[in-house]
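Along the sequence shown, residues are numbered consecutively beginning with 1. Every value quoted in this text rests on a predicted model; they were computed, and no experiment measured them.
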Amino acid sequence: MSTSILATKLYIPPTRPKVVVRPRLIEQLNEGLRRKLTLISAPAGFGKTTLVSKWVTSCGQPVVWLSLDEGDSDPTRFLTYLIAAVQTIAPNMGAGVLTILQSPQPPPIESILIALLNEITTLTDNFVLVLDDYHVLDAKLVDNALTFLLEHLPPQMHLVIASREDPHLPLARLRARGQLA
């Protein structure tokens, strides 16, 4: 079984001309790089995607982008796209994990994440993973996978989530530990 990847989900949206410059928010995003997670949560039309796509052009780190849709509520598909996003900066990253994900009886998600996280720790450069439109997901298993990922996030990786609503992640715990911007 093979999963096709829609490459346009991995593109950073281009910034529009005449975009409103928001230096205070850009500075907050830069400060957030010192934490595990940056959460941008606001209603539709408030410019979350525009802000993040503008910021990533100047953040000074490689950025991998994943624009989510309802189909990504399936944990296997979510992880497949997550790996494909990381492969935009590290082409061989997660190749073995992808093979395991596509097997008829994949192992538990936690085992897959452990293998992926161990591979990510071999990267020498810091990078940012952006998950855009996280609010479209409706899957406790994906929330659990992302919670595991955050709890064991390698120091060279920073996660940015843009969403219309706060995700079902341990935000209070991350905030209390100073790991949430």
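No donor-acceptor contact under 3.5 angstrom links the side chains of Asp166 and Tyr134, judged on distance only.
When every heavy atom of Gly32 is checked against every heavy atom of Ala181, the shortest pair comes out as CA-CB, 3.6 Å. Closest of all the heavy-atom pairs between Leu117 and Pro154 is CD2-CD, 3.5 Å. When all heavy atoms are compared, the tightest approach of Leu101 to Thr76 is O-CG2, 3.7 Å. Minimum heavy-atom separation, Ser73 to Val136: OG-O, 4.1 Å. The two atoms that bring Asp72 and Phe78 nearest to each other are O-CB, 3.3 Å, heavy atoms only. Considering every non-hydrogen atom in both Ser53 and Pro13, the closest pair reads CB-O, 3.2 Å.
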- Task: Carefully, step by step, assess Asp133 and Lys9 under the rule salt bridge (charged side-chain N to carboxylate O under 4.0 Å, His left out).
- Result: CA-CA 11 Å; Asp133 290 332; Lys9 290 176 52 124; over 6 Å; no

- Does the side-chain contact (heavy atoms from CB on, under 4.5 Å) test come out yes or no for His168 and Val142, once each step is laid out? CA-CA 10 Å; His168 299 289; Val142 172; over 6 Å; no

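We find the CG-OG1 distance between Leu169 and Thr147 to be 4.5 Å, quoted to the nearest 0.5 Å. Put simply, CD on Glu151 and CG on Leu113 are 11.0 Å apart, with the number rounded to the nearest 0.5 Å. Here NE2 of His158 is found 10.5 Å from CG of Asn126. Values are rounded to the nearest 0.5 Å. Rounded to the nearest 0.5 angstrom, Ser41 OG and Glu165 CD are separated by 7.5 Å. Atom-to-atom distance recorded for Ile109:CD1 and Asn144:CG is 10.0 Å, nearest 0.5 angstrom. Taking CD of Glu110 as the reference point, atom CZ of Phe148 lies at 4.0 Å (rounded to 0.5 Å).
When the shell of 6.0 Å around NE2 of His135 is examined, it contains more than 12 heavy atoms from other residues, nucleotides or ligands. Summarising the local packing, NZ of Lys48 is surrounded by more than 12 heavy atoms from other residues, nucleotides or ligands at distances under 6.0 Å.
The shortest distance between side-chain heavy atoms of Arg35 and Leu159 does not fall below 4.5 Å. Side-chain contact between Asp138 and Glu70 is absent, with no heavy atoms from C-beta onward closer than 4.5 Å. At least one side-chain heavy atom of Ile5 sits less than 4.5 Å from a side-chain heavy atom of Thr80. When side chains are defined from C-beta on, Pro167 counts as touching Leu39, because their heavy atoms get closer than 4.5 Å. Leu149 has its side chain within reach of Met157: a pair of non-hydrogen atoms, C-beta onward, lies under 4.5 Å apart.
Remark: side-chain polar atoms of Thr99 are paired, donor with acceptor, to backbone N or O of Ala95 under 3.5 angstrom. Panel note: side chain Glu119, backbone Gly94; a donor-acceptor pair is recorded below 3.5 Å. For the pair Gln156 (side chain) and Leu123 (backbone), a donor-acceptor distance under 3.5 Å is present.
Alongside Val63, the hydrophobic cluster contains Ile12, Leu25, Ile26, Leu29, Leu33, Ile40, Leu51, Val52, Trp55, Val56, Trp65, Val128, Val130, Val160 (criterion: ILVMFWY side chains under 4.5 Å). Tyr11 belongs to no multi-residue hydrophobic cluster, having no ILVMFWY side-chain contact under 4.5 Å with any other such residue.
Side-chain heavy atoms closer than 4.5 Å link hydrophobic residues (I, L, V, M, F, W, Y) into clusters, and following such links, possibly through other members, connects Leu129 to Leu6.
Applying the salt bridge (Lys or Arg N to Asp or Glu O under 4.0 Å) rule to Arg175 yields no partners; only residues at least two apart in sequence or on another chain are considered.
The side chain to side chain contact (heavy atoms under 4.5 Å, CB included) test with Ile161 singles out one residue from Thr38, Leu146, Asp132, and that residue is Leu146. Each of Leu98, Ile120, Val64, Ile83 was compared with Met93 under the side chain to side chain contact (heavy atoms under 4.5 Å, CB included) criterion, and only Ile120 meets it.
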